[in-house]
There are 2 protein chains.
Amino acid sequence: MEIRPLDDIDRRILRSLQRDGRLGNNHLAEEVGLSPSPCWQRTRRLEAEGYIKGYTAVLDQEKLGAPETVIIEVTLNRHDDAVLETFGRAMAELPEVLEVYLTTGEYDYYIKVAVDGTRGYEEFLRHKLYRVPGIQHSRSTFTLRCLKQGGISVPA
Amino acid sequence: MEIRPLDDIDRRILRSLQRDGRLGNNHLAEEVGLSPSPCWQRTRRLEAEGYIKGYTAVLDQEKLGAPETVIIEVTLNRHDDAVLETFGRAMAELPEVLEVYLTTGEYDYYIKVAVDGTRGYEEFLRHKLYRVPGIQHSRSTFTLRCLKQGGISVPA
DNA sequence: GATGAAAACTTTATAAG
DNA sequence: CTTATAAAGTTTTCATC
């Protein structure tokens with residue numbers, strides 16, 4: 001079920017649905033230069049094979065009251081599996097947290113949070129991050145402006 | 001046109017559409033406990049007022065041949081508006097680049113890229129990043145595992 | 001792959017309680 | 001807000017070339 005590589009039309013379907021996740025099959029077919037029926041089959045195949053993981057509404061962080069994006073890097077004071085895992089899970093459960101990555105290098109975790117200003121940030125640190133045990137050191141970077149944000153580009 | 005604050009039902013609509021961007025109005029209405037007609041009006045309002053910025057298909061980075069996510073922080077050797085701006089735009093145009101943020105602190109830019117292993121990463125550095133003029137210093141962090149990724153949580 | 005057709009469902013608008 | 005209606009369009013399946 002995952003044998004065939006993507007062809008040009010598959011990639012066009014992915015690009016179109018990435019641009020507009022609610023595109024109907026008829027419009028999509030027209031956009032990619034196919035008749036509706038095979039277009040529909042390809043789209044279902046791309047979903048079934050996992051190229052398309054899902055569809056989502058993209059919401060506005062500012063309008064929802066968390067205009068600041070802050071990057072927090074964290075080192076833990078122990079590095080056994082259990083501590084690393086527990087910390088990551090605790091972070092992932094917090095609503096302010098947008099992203100959690102376990103990383104190589106100087107820090108163990110890389111976390112991105114959305115907060116309402118320095119106040120919101122302080123609150124997050126004091127009431128959420130610093131209450132999770134095991135943090136040795138953390139370093140925060142406020143973002144000033146986002147120039148790009150989004151999913152992977154479908155290769156040519 | 002942007003006077004009214006969100007109520008509980010609006011927030012449920014946002015959460016449902018974030019979870020499934022292709023939910024039809026009837027299912028959505030049922031999910032949020034409303035009849036289809038007002039549900040449809042609220043959804044259009046949330047779009048028109050910008051709470052919903054759009055809809056997108058979420059694609060699989062691995063399946064599309066770029067399984068590694070690398071975080072690159074960059075300092076530029078000059079900090080006038082033109083240099084900062086030009087660098088950010090050049091980064092945003094590269095297909096490997098998923099995110100570009102201008103930041104406070106030690107580095108000027110924070111960039112997230114998707115590449116195919118250390119090979120793909122080296123190629124990105126040599127053929128793309130290092131060909132952009134003005135870089136004083138950069139620091140790369142490979143991510144090992146992603147524990148969370150997604151948009152903002154709709155507040156309670 | 002293209003076409004066509006049919007049933008079920010969705011979208012969009014409008015009117016009335 | 002709800003219920004109801006209705007035309008237009010979409011989705012999904014299926015048979016055929």
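Lettering of chains follows the sequences in order, A, B, ..., and the numbering in each one begins at 1.
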Subject >> Selected nucleotide, minimal atom distance to B/Trp40 side chain, candidates D/dT3, D/dT11, C/dT11 >> reply: C/dT11
Subject >> Side-chain heavy atoms of A/Thr143 within contact of B/Leu102, under 4.5 Å >> reply: no
Original post:
Would you call B/Thr69 and B/Val113 a side-chain contact if the rule is heavy atoms closer than 4.5 Å?
Top reply: no
Using the 3.5 Å cut-off, write out each protein N or O paired with an N or O of nucleotides 15-17 of chain D and the distance between them.
none

Original post:
In whole Å, what is the span from the CD1 atom of B/Ile13 to the C1' atom of D/dC1?
Top reply: 13 Å
**OP:** Please say which of A/Lys112, A/Arg145, A/Lys148 ends up in a salt bridge (charged side-chain N to carboxylate O under 4.0 Å, His left out) with B/Glu99.
**Re:** A/Lys112
Subject >> Phosphate contact (C/dT10 OP1 or OP2) by B/His27 side-chain N/O below 4.0 Å >> reply: yes
Subject >> Contact summary for B/Phe87 and B/Tyr109, nearest pair of heavy atoms >> reply: CD2-CD1, 3.3 Å
Original post:
Using the ring of each side chain (for Trp, its six-membered ring), is A/Tyr107 parallel, tilted or perpendicular to A/His137, with breaks at 30° and 60°?
Top reply: parallel
Original post:
For B/Arg44 and C/dT12, is the shortest distance between a side-chain N/O and OP1 or OP2 below 4.0 Å?
Top reply: yes
**OP:** Give the rounded distance in Å between these two atoms: CZ of B/Arg45 and C1' of D/dC1.
**Re:** 14 Å
Original post:
Taking CG from B/Asn25 and P from D/dG9, how many angstroms apart are they, rounded to a whole number?
Top reply: 18 Å
Subject >> Distance in angstrom units between B/Gln41 CD and C/dT14 C1', rounded >> reply: 11 Å
Subject >> C/dT11 OP1/OP2 closer than 4.0 Å to side-chain N/O of A/Arg22 >> reply: yes
Original post:
Are B/Val132 and B/Tyr110 connected in the hydrophobic side-chain network, where two residues link if heavy atoms are under 4.5 Å apart?
Top reply: no
Original post:
Quick one: A/Asp20 CG to D/dT10 P, roughly how many Å, whole number?
Top reply: 13 Å
Original post:
Rounded to the nearest Å, what distance is computed from the CG atom of residue A/Asn26 to the P atom of nucleotide C/dA2?
Top reply: 13 Å
Subject >> Proximal nucleotide (of C/dA2, D/dT11, D/dT3) relative to the A/Pro38 side chain >> reply: C/dA2
**OP:** In whole angstrom, give the distance that lies between atom CD1 of A/Ile9 and atom C1' of C/dA2.
**Re:** 12 Å
**OP:** Please state how far atom CG in B/Asp8 lies from atom C1' in D/dC1, giving the value in whole angstrom units.
**Re:** 16 Å
**OP:** Look at the side-chain heavy atoms of Ile, Leu, Val, Met, Phe, Trp and Tyr, link any pair under 4.5 Å apart, and say whether A/Tyr130 and A/Ile71 land in one connected group.
**Re:** no
